[in-house]
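Only one structure is covered here, and it is reproduced in the block below.
Scope of the values below: all heavy atoms of this structure, side chains included, with no hydrogens, waters or symmetry mates. Numbers restart at 1 for each chain; the letters A, B, ... are given by sequence-line order, proteins then strands.
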Amino acid sequence: MFVWLFLIQHRNNILYLVESFQTVIIVGETGCGKTTQIPQYLLEAGWAAEGKVIGVTQPRRVAAISVANRVAEERGALLGHEVGYTIRFDDCSDPHATRIKFLTDGMLVREMMADPLLKKYSVLMLDEAHERTLYTDIAIGLLKKIQKKRRDLRLIVASATLDAKKFHDFFNLNESGDPNKDTCGILTVEGRTFPVDVFYTVSPVPDYVKATVETVMKIHETEDDGDVLAFLTGQEEVEKVASLLQDQARSLSRYGMKKHLRILPMYSGLPYAEQMKVFERVPSSVRKVVVATNIAETSITINGIVFVIDCAFVKLRAYNPSTAIESLVVTPISKASASQRAGRAGRNRPGKCFRLYTEEDFEKLPASTVPEMQRTNLAPVILQLKALGIDNVLRFSFLSPPPAQTMVQALELLYALGGLDHYGRLTDPTGVRMAEFPLSPMFAKMLLESGNFGCSKEIVTIAAMMQIQNIFVVPTNQKKAAAREHRKFAVAEGDHLTMLNVYEAFIKHQKSSQWCQEHFLNYKGLLRAVTVREQLRRLMNKFKVPRTSSEGDPDVILKCIVSGFFANAARIHHSGSYRTLRDDRELHIHPNSVLFGEKPPKWVVFNEVVQTSKYYMRDVTAVESSWLVELAPHFYKQAKHGSLASKRSRVL
DNA sequence: CTCTCCCT
């Protein structure tokens, strides 16, 4: 049942569907107001009576906050009372007064640990479900299970057109074949964005970096006012295009062109101050050109964009279950992604989208992006599901089931860490506690062990610091000065103790932003590390892990790291690169590591591997081989000739 | 000789 309508005109229709069906799929285009309006319709219709709560999930923290703000404002309410939000580290809701609550979908999954049937909610709306983020998919699978036990719980899944049928079939519990008995309905709501004309190239583009530059200049010469947004795949490409455009802009102003160009790179790793420039208003004599990664596809919205340039590619995470290695791969985008990019040109007035590929090539693109659930390491997911009482994860109702081998990999790792027993059951207390940490299982294990090694104070800091990206800030025009400052913190043992140094120095200097600036450190990131550390510390207290310090002895800290990360070990190879102990694969030290370009240690452990041009270990620390045998005898055995080999631990 | 993005 597809009904086309505008939201406000059919308020009663929406309410009728929520009344009649356990699940309603709302196909809402951007700008139809579904996120802000539907929760208010439900509130007014009495869905939050008797202390019940209407919950609305978002994939991103900023979205949860900003949309909660808007709804509170519309209702003339103070944020945190009738309308509130809950995200990690920031709970702006009242357990008694809040009727409409916005939260991240990760937070919703966490809430299930304390309240498995989510009893306080009468309706849950999963917004942006078409993005298929990891936590949205986990929530979807769990909610289907909850719905069987709670017939009164209503679900609204807000999605783009493409996936409506898939969601409908997943949530429809009617097996009779009689559509009158469906438990799931679909409603389509038109959006209120402006039309965007799409242009294709006549022939394939050999070099999209060059073509992006040319297209920007062409727009500048031939089109009327309006800012430009160009999509590229990564930092390197963004910087390249930005610098080529900067050269062009300079020569234009030399020739006295009256209209100027302001070139602005945008990607997540860019220092905060430089990111903010993208949102600054410019005089009417200036055309803004934002060169961005896919951060501009969903995470941020820039006003005034009229022209979009789309290179057809995106960098995505991929997971290889046979090697347990994650990689970043430049991949063709999906049709859904292409239309999302084009839509960025039509938010303020009619726009144009220049696709740097042919219409035939567009037709060959996949309809939608592979869900994150199918291209990630599943150890944290499996641990969560086990903690939520899902005994047979292989038979869990996934909207898109991940590869079985990825699940087996995850089970093996969790078993090796002691979080699961050999029947695959969550162990108590280790597994139960591991699941409670908001960290990947290896970090959780390392934290739980730190009491035994007598270095919990240092380990909590290290774990917190490792959650923050780009602690070292490298401004484009001060690369050498930054490197010089960063070297002052580096230690021979590797990245973990280096980050411990940075944190301790930050505290010693009273968390000064001035001091961070002088040493090219990410001030906001370090403040976040302080908050993360506090949360971890609270959990450690809860589990009675003693507060101990190694008092300057690095070895106990390194051994403690090994106790969590023994599976990620490598030894030096005579070629100068490294080989994994697990299966003898070639690895290299990531150029961001303090060990890069230094005398290579014989044995190392690392937090993760990413594959770009090579397989790179990120966050690397030197260890002794004897520690591996001592701390993970179930994983490694000392071979006769003195080298280590791995025993594959298997879970039945 | 280099990290897409996001979350507990």
Side-chain angles (χ1 to χ4, degrees), chain A residues 57-64 86-91 103-114 128 131-139 231-240 266-270 292-300 311 313-318 326-331 333 337 340 369-373 375-376 380-381 383-384 387-388 434-441 443-444 463-464 467-472 474 479 483 528 531-532 535-536 539 577 588-593 595-598 607-619:
Chain A
T57 71
Q58 295 291 322
R60 284 166 292 278
R61 299 159 50 90
V62 275
T86 305
I87 60 178
R88 185 185 181 193
F89 302 130
D90 190 2
D91 183 2
L103 67 170
T104 50
D105 33 28
M107 204 65 218
L108 183 72
V109 173
R110 279 281 147 181
E111 285 192 1
M112 291 184 201
M113 287 179 79
E128 315 286 358
E131 285 185 26
R132 305 294 309 277
T133 64
L134 191 61
Y135 279 101
T136 308
D137 270 23
I138 298 172
F231 286 99
L232 289 149
T233 72
Q235 175 177 343
E236 199 184 343
E237 282 174 10
V238 166
E239 297 288 3
K240 180 89 191 290
M266 181 73 202
Y267 49 87
S268 142
L270 197 68
T293 60
N294 53 342
I295 192 172
E297 205 176 294
T298 48
S299 305
I300 61 158
C311 71
F313 289 94
V314 65
K315 214 178 263 188
L316 282 184
R317 190 206 319 277
E326 282 188 334
S327 14
L328 285 170
V329 184
V330 174
T331 319
I333 59 171
S337 199
Q340 176 73 22
T369 311
V370 175
E372 201 181 354
M373 182 71 83
R375 47 183 176 82
T376 190
V381 177
L383 186 63
Q384 285 304 304
L388 289 164
M434 278 169 67
E436 223 174 303
F437 279 103
L439 300 171
S440 70
F443 278 109
Q467 311 310 310
I468 316 295
Q469 271 79 55
N470 312 305
I471 284 291
F472 287 151
V474 186
K479 284 184 181 161
R528 191 169 164 83
T531 323
V532 173
Q535 190 192 22
L536 299 179
L539 282 162
S577 62
H588 300 263
I589 289 179
H590 194 283
N592 270 354
S593 167
L595 293 178
F596 182 79
E598 303 293 325
N607 287 3
E608 58 176 349
V609 175
V610 289
Q611 179 195 9
T612 47
S613 59
K614 285 175 181 171
Y615 288 100
Y616 287 109
M617 300 178 275
R618 282 171 51 186
D619 297 323

- Message: Using a strict threshold of under 4.0 Å (side-chain N to carboxylate O), is an ion pair present between A:K315 and A:E237?
- Response: no
- Closer to the 5' end of DNA chain B via nearest nucleotide, is it A:T86 or A:Y267? A:Y267
- Note on the structure: Ranking B:dT2, B:dC7, B:dT4 by distance to the side chain of A:Y616, first place goes to B:dT2
- Message: Minimum heavy-atom separation for A:A139 and A:L108, please, with both atom names.
- Response: CB-CD2, 4.3 Å
- Message: Before you tell me yes or no, could you show the steps for A:R88 and A:V532 under side-chain contact (heavy atoms from CB on, under 4.5 Å), namely the whole-Å CA-CA distance, both residues' side-chain angles and the distance that decides it to 0.1 Å?
- Response: CA-CA 10 Å; A:R88 185 185 181 193; A:V532 173; 4.0 Å; yes
- Task: Answer with base, sugar-phosphate or nothing: what part of the nucleic acid does A:S268 contact at a heavy-atom distance below 4.0 Å?
- Result: sugar-phosphate
- Under 4.5 Å between any side-chain heavy atoms of A:M266 and A:I295, yes or no? yes
- Over how many whole Å does the gap from A:D619 atom CG to B:dT2 atom C1' extend? 14 Å
- Message: Does B:dT2 have its OP1 or OP2 closer than 4.0 Å to a side-chain nitrogen or oxygen of A:S613?
- Response: yes
- Item | Out of B:dT8, B:dT4, B:dT2, whichever nucleotide has its closest atom nearest the side chain of A:P438 | B:dT8
- Query: Which part of the nucleic acid, if any, lies within reach of A:I295 when heavy atoms closer than 4.0 Å are counted: base, sugar-phosphate only, or nothing?
  - Reply: sugar-phosphate
- Looking at side-chain heavy atoms only, is the closest gap between A:E131 and A:T136 below 4.5 Å? no
- Message: Output the rounded distance in Å from CE (A:M112) to P (B:dT8).
- Response: 14 Å
- Item | Rounded distance (Å) that lies between atom P of B:dT8 and atom CZ of A:R60 | 12 Å
- Query: In whole angstrom, what separates A:L232's CG from B:dT4's P?
  - Reply: 11 Å
- Message: Is the phosphate of B:dC1 approached by A:K614 (side-chain N or O, under 4.0 Å from OP1 or OP2)?
- Response: yes
- So which nucleotide from B:dT8, B:dT2, B:dC5 ends up closest to the side chain of A:P591? B:dT2
- Name the residue closer to the 5' end of DNA chain B, choosing between A:T104 and A:L316 according to the nucleotide with the nearest heavy atom. A:L316
- Note on the structure: In whole angstroms, the gap separating P of B:dT2 from CG of A:N470 amounts to 16 Å
- Atom-to-atom span, CZ of A:R88 to P of B:dT8 - whole angstrom: 7 Å
- Task: Sequence neighbours left out, what passes side chain to side chain contact (heavy atoms under 4.5 Å, CB included) with A:E236? Give chain and number order.
- Result: none
- Query: Reckon A:L439 touches a base, only the sugar-phosphate, or nothing at all at heavy-atom distances under 4.0 Å?
  - Reply: base
- Residue A:K315, side-chain heavy atoms: nucleotide from B:dT8, B:dT4, B:dC5 that is nearest: B:dT4
- For A:T298, answer base if it contacts any base atom (sugar-phosphate contacts may also be present), sugar-phosphate if it contacts only those atoms, and nothing otherwise; contact means non-hydrogen atoms under 4.0 Å. nothing
- Quick one: label A:R317 by what it contacts on the DNA or RNA (base, sugar-phosphate, nothing), any heavy atom closer than 4.0 Å. base
- Message: Can you measure A:I87 atom CD1 to B:dC6 atom P for me and round it to whole angstrom units?
- Response: 13 Å
- Ignoring backbone atoms, test whether A:T133 places a side-chain nitrogen or oxygen under 4.0 Å from the OP1 or OP2 oxygen of B:dC7. no
- Item | Interatomic distance, A:F472 CZ vs B:dC1 P [rounded to whole Å] | 22 Å
